[in-house]
Structures are given as structure tokens and as C-alpha cells.
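Have a look at the structure below, then the notes.
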Amino acid sequence: MTAALEVTNLVKTFGGLTATNDLSFALEPGESVGLIGPNGAGKTTVFSQIMGELRQTSGSIKLFGTDIGGLSMPERIRRGVSRTYQVPRPFADLSVLENIRVGFMPNSVWGMVVGRANVEQERDLAHEVGFNAADLEKPASDLSMGDLRKLELARTLATGAKLLLLDEVFAGLTVGEITQISALIQKLRSQGITMLMVSHDLPALDPLVDRVIAIERGSMIAKGSFAEVIANEEVRASYLGVSA
């Protein structure tokens with residue numbers, strides 16, 4: 001079976017700093033994988049290279065067997081990869097529906113203005129992620145953090161994403177909001193969407209992933225089931241701050 005995502009010998013340097021160090025891993029179609037590590041480990045840098053926001057110094061990135069390492073971010077979106085951000089990035093003055101519309105037309109904001117919007121499709125997607133009818137015309141600037149996370153997920157789904165990169169989706173959420181977002185992610189898993197998730201909230205991450213990859217200073221230090229990785233001595237020392 002062709003991997004949904006295959007990262008091979010990925011290196012990213014910034015001057016004399018190596019942010020990603022010969023990193024290799026693969027995700028099977030429909031798999032949900034956690035990417036963990038201490039602050040500064042390089043997790044977001046890995047996401048940015050997969051997404052095309054940063055170009056790798058060396059190594060390859062393949063999406064469903066096709067090398068995308070030289071493609072622009074818009075082209076990668078068209079091919080089925082999308083991401084959320086640790087700090088949500090909505091169009092603050094646009095409504096919930098208008099923000100979702102941008103997701104449907106990621107490469108043409110002008111098209112959002114002059115094109116024919118499929119409002120029914122936008123509403124269906126908004127309801128799928130948990131917005132009610134009263135929320136749809138709210139400007140994004142009025143949304144709670146939990147609703148901003150839902151809006152980000154809706155915009156990624158609007159692009160037709162086959163691979164989702166979820167960066168700290170639980171950051172800043174209440175316990176109730178974490179429960180809601182977790183249920184939504186479980187729904188996406190059941191639909192066969194492949195996911196790579198970064199989260200410092202390990203209890204919330206555990207039931208959502210098939211396995212975990214741990215990195216430090218841009219290098220892999222452990223991989224396996226959630227229980228195996230959390231029990232790893234190097235992970236415990238570097239990430240959890242404890243030793244055997």
C-alpha cells in the first residue's frame with residue numbers, strides 16, 4: 001500500500017542551527033499519528049516543511065507516492081494536504097460561513113467575492129463541525145477559542161484534505177471544548193482521513209492516535225504505541241522531565 005505521507009531523511013537548517021535532523025517516517029492511509037516532543041523539538045518546523053511554508057534543506061516528502069517537496073503551498077493544498085495552527089488564523093472580520101468559503105477557494109480570495117458560493121455546502125460543513133445556525137453569521141473575532149478550533153478544522157475540510165496536520169488543537173481549550181474537539185477528530189478518523197497531530201496534552205492525544213513519534217532537536221528518539229513511547233527512558237527524560 002502506498003503511504004499517505006512519506007518523509008525521508010528530512011533536514012532543515014537555519015544558518016548553523018539544524019531544526020530537522022535526518023528525520024524519516026511514514027503514515028498509512030487513514031492512520032492517525034501523534035508527533036510529540038519538548039518545546040523547540042522541531043515539531044512545527046516539520047509541519048511547515050510538509051505544508052510547503054518552509055522548504056527542506058534536503059530529503060524528500062511524498063504525498064500518496066508523489067514527491068511534493070518542490071511544490072508551492074497552494075499546490076500542496078490542491079493535492080490534499082492541509083493544516084491547522086497552534087494560534088488560529090481566521091479572517092477576523094469575516095463570518096463563520098465566509099471563512100469556510102475561503103477554504104473552498106484557497107487559491108482565490110477574489111473568487112470568494114465574485115464566484116458563486118455553494119452556501120448549502122458551507123452550512124453543511126459548519127454544522128458537521130458543531131456550529132449551530134445562530135453562529136454562522138458571527139464574525140470570527142467574536143468566537144471563543146473552542147469555536148476558532150472548529151472553524152480551523154472546517155476550513156481544512158473545505159479544501160478536500162486527505163491529510164490533516166493538526167498543530168496543538170487542544171491548546172487554550174476548556175475540558176468541555178477538548179471533549180467536543182476530540183469527538184470531531186474521532187469522526188474524521190472514522191471517515192478515513194489521515195492525520196498527523198502535535199499535542200502537549202498527552203491524555204487527550206492518547207485515544208486519538210494509532211501510534212506516536214517522539215522527536216528532540218529535530219531527530220526521532222522513539223516511535224511505537226502511545227504506551228511504548230511514553231515509557232521510553234529517553235522520552236521521559238527529555239519530554240516529561242523524569243528518568244527511570
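The figures here come from the full heavy-atom set of this structure, side chains too, leaving out hydrogens, waters and symmetry mates. In this chain, numbering begins with 1 at the start of the sequence shown.
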At their closest point, which heavy atom of [X] faces which heavy atom of [Y], and how far apart are they?
X: A126; Y: I100; result: CB-CD1, 3.7 Å
X: V33; Y: V209; result: C-CG1, 3.8 Å
X: S32; Y: L208; result: OG-O, 2.7 Å
X: A214; Y: V235; result: CB-CG2, 3.7 Å
X: S199; Y: I36; result: O-CG2, 4.0 Å
X: F47; Y: E53; result: O-OE1, 4.5 Å

Report task. Verify whether one side chain among S141 and D93 offers a donor that lies under 3.5 Å from an acceptor in the other. Result ->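 Per modelled atom types, S141 and D93 side chains form no pair under 3.5 Å.
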Requested in this report: Check the side chains of Q86 and T44 for a donor-acceptor pair under 3.5 angstrom, ignoring hydrogens and angles.
Outcome: no
Treating Ile, Leu, Val, Met, Phe, Trp and Tyr as nodes and any side-chain heavy-atom pair under 4.5 angstrom as an edge, say whether [X] and [Y] lie in one connected cluster.
X: M73; Y: L54; value: no
X: I221; Y: V11; value: no
X: F64; Y: L5; value: yes

Short N-O contact, [X] and [Y], less than 4.0 angstrom:
X: R78; Y: E75; answer: yes
X: D167; Y: K43; answer: no
X: R83; Y: E152; answer: no

Requested in this report: Take E137 and V96 through the test side chain to side chain contact (heavy atoms under 4.5 Å, CB included) and record every step on the way to the result.
Outcome: CA-CA 6 Å; E137 300 305 326; V96 167; over 6 Å; no
Could you tell me the separation between the [atom1] atom of [X] and the [atom2] atom of [Y], rounded to the nearest 0.5 Å?
X: L165; Y: T156; atom1: CG; atom2: OG1; value: 9.5 Å
X: L27; Y: R211; atom1: CG; atom2: CZ; value: 5.5 Å
X: D201; Y: L173; atom1: CG; atom2: CG; value: 9.0 Å
X: T57; Y: L10; atom1: OG1; atom2: CG; value: 8.5 Å
X: L125; Y: E120; atom1: CG; atom2: CD; value: 12.5 Å
X: L164; Y: T84; atom1: CG; atom2: OG1; value: 8.0 Å

Taking [X] for its side chain and [Y] for its backbone only, find out whether a donor-acceptor pair lies under 3.5 Å.
X: Q186; Y: P207; result: yes
X: E31; Y: E28; result: yes
X: K12; Y: R55; result: yes
X: Q180; Y: E177; result: no
X: R149; Y: F170; result: no
X: T194; Y: L163; result: no
X: T18; Y: N21; result: no

pair [X]-[Y]: side-chain heavy atoms closer than 4.5 Å:
X: F25; Y: T8; value: no
X: N99; Y: R155; value: yes
X: M197; Y: L205; value: yes
X: L166; Y: L196; value: no
X: T174; Y: I178; value: no
X: P90; Y: L148; value: yes
X: I185; Y: M195; value: yes
X: I215; Y: T20; value: no

Report task. Inspect the surroundings of CZ in R217 and state if more than 12 heavy atoms from other residues, nucleotides or ligands are less than 6.0 Å away. Result ->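 No, not enclosed.
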**Report entry** R101 to F104 six-membered ring, cation-pi geometry met (6.0 Å, 45°)
**Finding:**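 The answer is no, since R101 fails at least one limit relative to F104.
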**Report entry** Test: K150 cationic atom under 6.0 Å from F131 six-membered ring centre, within 45° of axis
**Finding:** yes
Query raised in the report: For K138 and D135, what are the C-alpha separation, side-chain angles and deciding distance, and is it a side chain to side chain contact (heavy atoms under 4.5 Å, CB included)?
Result: CA-CA 5 Å; K138 284 183 180 179; D135 295 326; 3.2 Å; yes
**Report entry** Check against side chain to side chain contact (heavy atoms under 4.5 Å, CB included), I77 and M51
**Finding:** CA-CA 8 Å; I77 293 173; M51 198 67 236; 3.5 Å; yes
**Report entry** Chi angles and distances behind the side chain to side chain contact (heavy atoms under 4.5 Å, CB included) call for L63, R76
**Finding:** CA-CA 9 Å; L63 182 70; R76 296 185 200 204; over 6 Å; no
Query raised in the report: For D67, which residues count as a side-chain hydrogen bond (donor to acceptor under 3.5 Å, both in side chains) partner, sequence neighbours excluded?
Result: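 Partners of D67 under the side-chain hydrogen bond (donor to acceptor under 3.5 Å, both in side chains) test: none.
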